[in-house]
Visitor: 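Okay, handing you the structure first.
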Amino acid sequence: MLDLTQLNDEQKKAVRLTDGSIIIFAGAGSGKTRVITYRIAHMIENGVNPFNILAITFTNKASKEMKDRIFELTDYSSNIWVSTFHSFCARILRIEAEHLGYSGNFSIYDSDDSDRALKNCIKELDINDKNFPAKSVRFKIGQFKDELRSPKAVLENAFDIREETIGKIYEHYQKKLLTSNAMDFDDLIYKTVEVLKKNPEILNKYQERFKYIMVDEYQDTSKAQYMLVKLLADKYKNICVVGDDDQSIYGWRGADVKNILRFSEDFQNTTTIKLEQNYRSTKNILGVATNVIKNNYNRKEKVLWTENNEGEPVKINKTNRDIDEADFVSANIKRLIREENYSLKDIAILYRTNAQSRLLEDSLIKNAIPYRLFGGVRFYERREIKDVLAYLSVISNPKDEVSLMRIINVPKRGIGDATVKKVSQIGMLNDISFFEVLQNEEYSKSFGSKAKSLREFYELTAKLIQSSKVMPVDELLKLILNETGYTQSLIEEDPLNLDGRIDNIDEFVNKAYQYTLDNVDGSLEEFLQEISLIADIDNYKDGDDAVSLMTIHTSKGLEFPCVFLTGMEEGIFPTYRATIGETADDLEEERRLFYVAITRARKEIYLSSSLSRLQRGQINYNAISRFVREIPEEYTSDNMAKIKSMLKDEARTQKQKINLKADNYSKLVTPKNITLDFEVGDTVMQKKYGEGVVKEISPAGKDYEVSVYFEEHGTKKFMALLSKLKKV
DNA sequence: CGTAGTTTTGTTTTT
DNA sequence: CAAAACTACG
């Protein structure tokens, strides 16, 4: 019998209410995960078949943990489908691929692969890639997919000529993906919705299967994800979503807070439950979090409270240089270990951008403090790993053009751009894939002197495909590394293994081996899928005794006794873009991010900032973050008064020296010894874009930032010194 | 045609 | 400070 005595009244209510539509507003640290797992356990105990339960989590790590916890409570877990949106969709699509003209072994493209495919599309359509950079086109296409708009729909209602062009690229890109038998991240959701919408019998199958649906972190679902949930839940209407609008931090990725705010309008007879008691943090920490977040205009009013004690005041520190900030963190970590009895794994260092990790790492290494770094250049995104992965992808799905292009001349085989172009033209003319051109010997005459290299490459790949059918992934991997000479080429490139690429390759082989142990009959496809949907945090293990370093985004859902929040500076956190934004939305999301960061901590928080910071090669002087200013003094350590007066001075200096918007106090230092030979209104010459009109000049560190309007390209920003603007 | 060196450009956050 | 884009050489 499930023991509910540990739960508070609201939690019990949420657990017991298994049917109908329910929304749970769960404040930070309110025992949300516990409620979800108990709820599922309770359902099973009351006769719900585990087979009929679907639970969507935000990360693979969260889904693994949830499965473990449910298993502890009920002895069930294998039948319950617990996964992220992306994994869930990938799994459905493997089964239903044929209905979309795909086959089940489709590749999943990450953003890097998508960009490569897009670049090719843009080139093939003869569109100026300067005006349509792959990255921004990908972003826009992602938005279309999230709004469930097909290429056709986009082209039909194109808002302007630019949108029409992007529509054309979108159309071509989808064709290319289909011939490559590949899907990008957004496709996973979009295509799943498509297949369910177009095929009522398939929809019915999954509605019957998933009679009970739960979605965690609902505040971070996108429109398309919302549609998916709505479709699945439409028949039985047993839907429970859990979230916190104050923790919505993925707006830039299409997450729509409105999904959570509007839930009760979308589903009839919704029960609303609020979990407002915090079990995680001290009163001081909670005080900081709630007092800052209440400055947001766009939110549901709520009162978080805790029975925990006051705890330590929140510590605020400011150093002169960024290096000193890192040393401040290291020194305090040592003190916490030595004097306060914390262990390394109790401590996290958080920051806004990955680039900030470097200095922190240097200092930790210098002080011999073990650490684990999450994020940054992800393991599976490293060049050497992506190369090897591309081999695996081609073996699994020879139509995968992006992967094929990646490896065709790696290691060097004398097959350059010109040859590749020739092959792909033949492919397009005959409407066959790149690989099929290589396969068919009748085309080899067209390749002249390169025919031999191409043939050799084809035979190598064909051989590897044969081998893949009879050997486990790790063996196949070793075979690839030997047969292609890839390892050899890495050794030649860097004989002393200075950049550790060989080590990474070894680690990858180990991971593959581990995979074969964990999944005895796991296929190559499944291995690839698992890798492509892996998140940084999924590798987090509780056991390692080391300090954790990660971005605030990555830290979502975790908790640590001690948290260092670094780089509390205007222009960094909140990020520069949010400080100049026209609308308050970006700034509010930054504030929610601050809220998330603070509520990760259980006992101690250190907020640090630095007067000067090296950013992309130049020293910048940033003011202390506005979020620090928003903290009431009562929650902070004694030096707050000192800091406060420092802040006041800063603000005053700002007003005197710089004539900027009232709420922008991010730059302290005005340029010295620089005079510009132009002013606002003048026409200037820029190397890349030609002539344009100066719209705004603002000081930025030692340089000036100049906004210039170009008739054809719109407004661009330049650093005056760096870009050598000339008056015309 | 393919590569190696040089110049330019740019920054959030990630499934 | 790097990665990416461009240019000149063999």
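Residue numbers start from 1 in every chain, and the chains themselves are labelled A, B, ... in the order their sequence lines are given, proteins ahead of strands.
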Visitor: If you check every side-chain atom of His86(A), which of dT14(B), dA2(C), dT15(B) has the closest atom?
Guide: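 The answer is dT15(B).
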Visitor: By centroid distance (under 5.5 Å) and plane angle (under 30°), are Trp252(A) and dT13(B) in a stacked arrangement?
Guide: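 Yes; centroid distance and tilt both under limits.
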Visitor: From CG of Leu188(A) over to C1' of dT15(B), roughly how many Å is that when rounded to an integer?
Guide: 9 Å
Visitor: Would you mind telling me which of dA5(C), dT3(B), dT14(B) lies closest to the side-chain atoms of Lys119(A)?
Guide: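 Side chain of Lys119(A) sits closest to dA5(C).
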Visitor: Can you confirm whether the side chains of Ser608(A) and Glu325(A) place a donor and an acceptor under 3.5 Å from each other?
Guide: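 Indeed, the side chains of Ser608(A) and Glu325(A) share at least one donor-acceptor pair under 3.5 Å.
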Visitor: Students often get this wrong, so: under 4.0 angstrom with heavy atoms, is Asn354(A) touching a base, only sugar-phosphate, or nothing?
Guide: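 Sugar-phosphate only.
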Visitor: Within the 4.0 Å heavy-atom criterion, would you say Arg358(A) contacts the bases, only the backbone, or no part of the nucleic acid?
Guide: sugar-phosphate
Visitor: Would you indicate, yes or no, if dG2(B) has its OP1 or OP2 atom less than 4.0 angstrom from a side-chain nitrogen or oxygen of Thr419(A)?
Guide: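 For dG2(B), OP1/OP2 do have a side-chain N/O of Thr419(A) under 4.0 Å.
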Visitor: The side chain of Thr353(A) lies closest to which of these nucleotides: dG2(B), dT13(B), dT15(B)?
Guide: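 Of all the options, the side chain of Thr353(A) is nearest to dT13(B).
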Visitor: Within the structure, does a side-chain N or O atom of Thr551(A) lie under 4.0 Å from either OP1 or OP2 of dT14(B)?
Guide: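 So the side-chain polar atoms of Thr551(A) do come within 4.0 Å of the phosphate oxygens OP1 or OP2 of dT14(B), strictly under.
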Visitor: Does the side chain of Arg616(A) get closer than 4.0 angstrom to OP1 or OP2 of dA3(C) through an N or O atom?
Guide: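 Arg616(A) to dA3(C) OP1/OP2: no side-chain N or O under 4.0 Å.
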Visitor: Just say parallel, tilted or perpendicular for the rings of Phe573(A) and Phe627(A), cut-offs at 30° and 60°.
Guide: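 Ring orientation, 0 to 90° scale: perpendicular.
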Visitor: Given atom CG of Leu565(A) and atom P of dT13(B), what is their separation to the nearest angstrom?
Guide: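 Atom-to-atom, Leu565(A) to dT13(B), this comes out as 15 Å.
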Visitor: Check this for me: does any side-chain nitrogen of one of Lys366(A) and Asp362(A) sit under 4.0 Å from a carboxylate oxygen of the other?
Guide: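 Between Asp362(A) and Lys366(A) there is no salt bridge, as every charged N stays at least 4.0 Å from the carboxylate O atoms.
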Visitor: Just N and O in the side chain of Ser532(A): are any of them under 4.0 Å from OP1 or OP2 of dT15(B)?
Guide: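 Answer no for this pair, as no side-chain N or O of Ser532(A) is under 4.0 Å from OP1 or OP2.
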Visitor: What is the nucleic acid contact for Ser87(A), judged by heavy atoms within less than 4.0 Å: base, sugar-phosphate only, or nothing?
Guide: nothing
Visitor: Answer yes or no: does a side-chain N or O of Asn409(A) lie under 4.0 Å from OP1 or OP2 of dG2(B)?
Guide: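 The answer is no; no side-chain N or O of Asn409(A) sits under 4.0 Å from OP1 or OP2.
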Visitor: Take the protein atom NZ of Lys135(A) and the nucleotide atom C1' of dA5(C), then report the distance between them rounded to whole Å.
Guide: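 In whole Å, dA5(C) C1' and Lys135(A) NZ are 14 Å from each other.
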Visitor: Go ahead and name the base partner of dA2(C); Watson-Crick or wobble counts if both distances stay under 3.5 Å, otherwise write none.
Guide: dT9(B)
Visitor: Indicate whether any N or O donor in one side chain lies under 3.5 Å from an N or O acceptor in the other, for Glu570(A) and Asn622(A).
Guide: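 Not at all, the side chains of Glu570(A) and Asn622(A) share no donor-acceptor pair under 3.5 Å.
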Visitor: Tell me which nucleotide among dT13(B), dT3(B), dT15(B) gets nearest to the side chain of Arg253(A).
Guide: dT15(B)
Visitor: Both Ile415(A) and Gln615(A) contact DNA chain B. Which one's nearest nucleotide lies toward the 5' end?
Guide: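 On the 5' side of the pair lies Ile415(A).
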Visitor: Measure the distance from CD1 on Ile531(A) to P on dT15(B) and round it to the nearest whole Å.
Guide: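 That distance rounds to 15 Å.
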Visitor: Under 3.5 Å, is there a donor on one side chain and an acceptor on the other for Thr551(A) and Thr554(A)?
Guide: yes
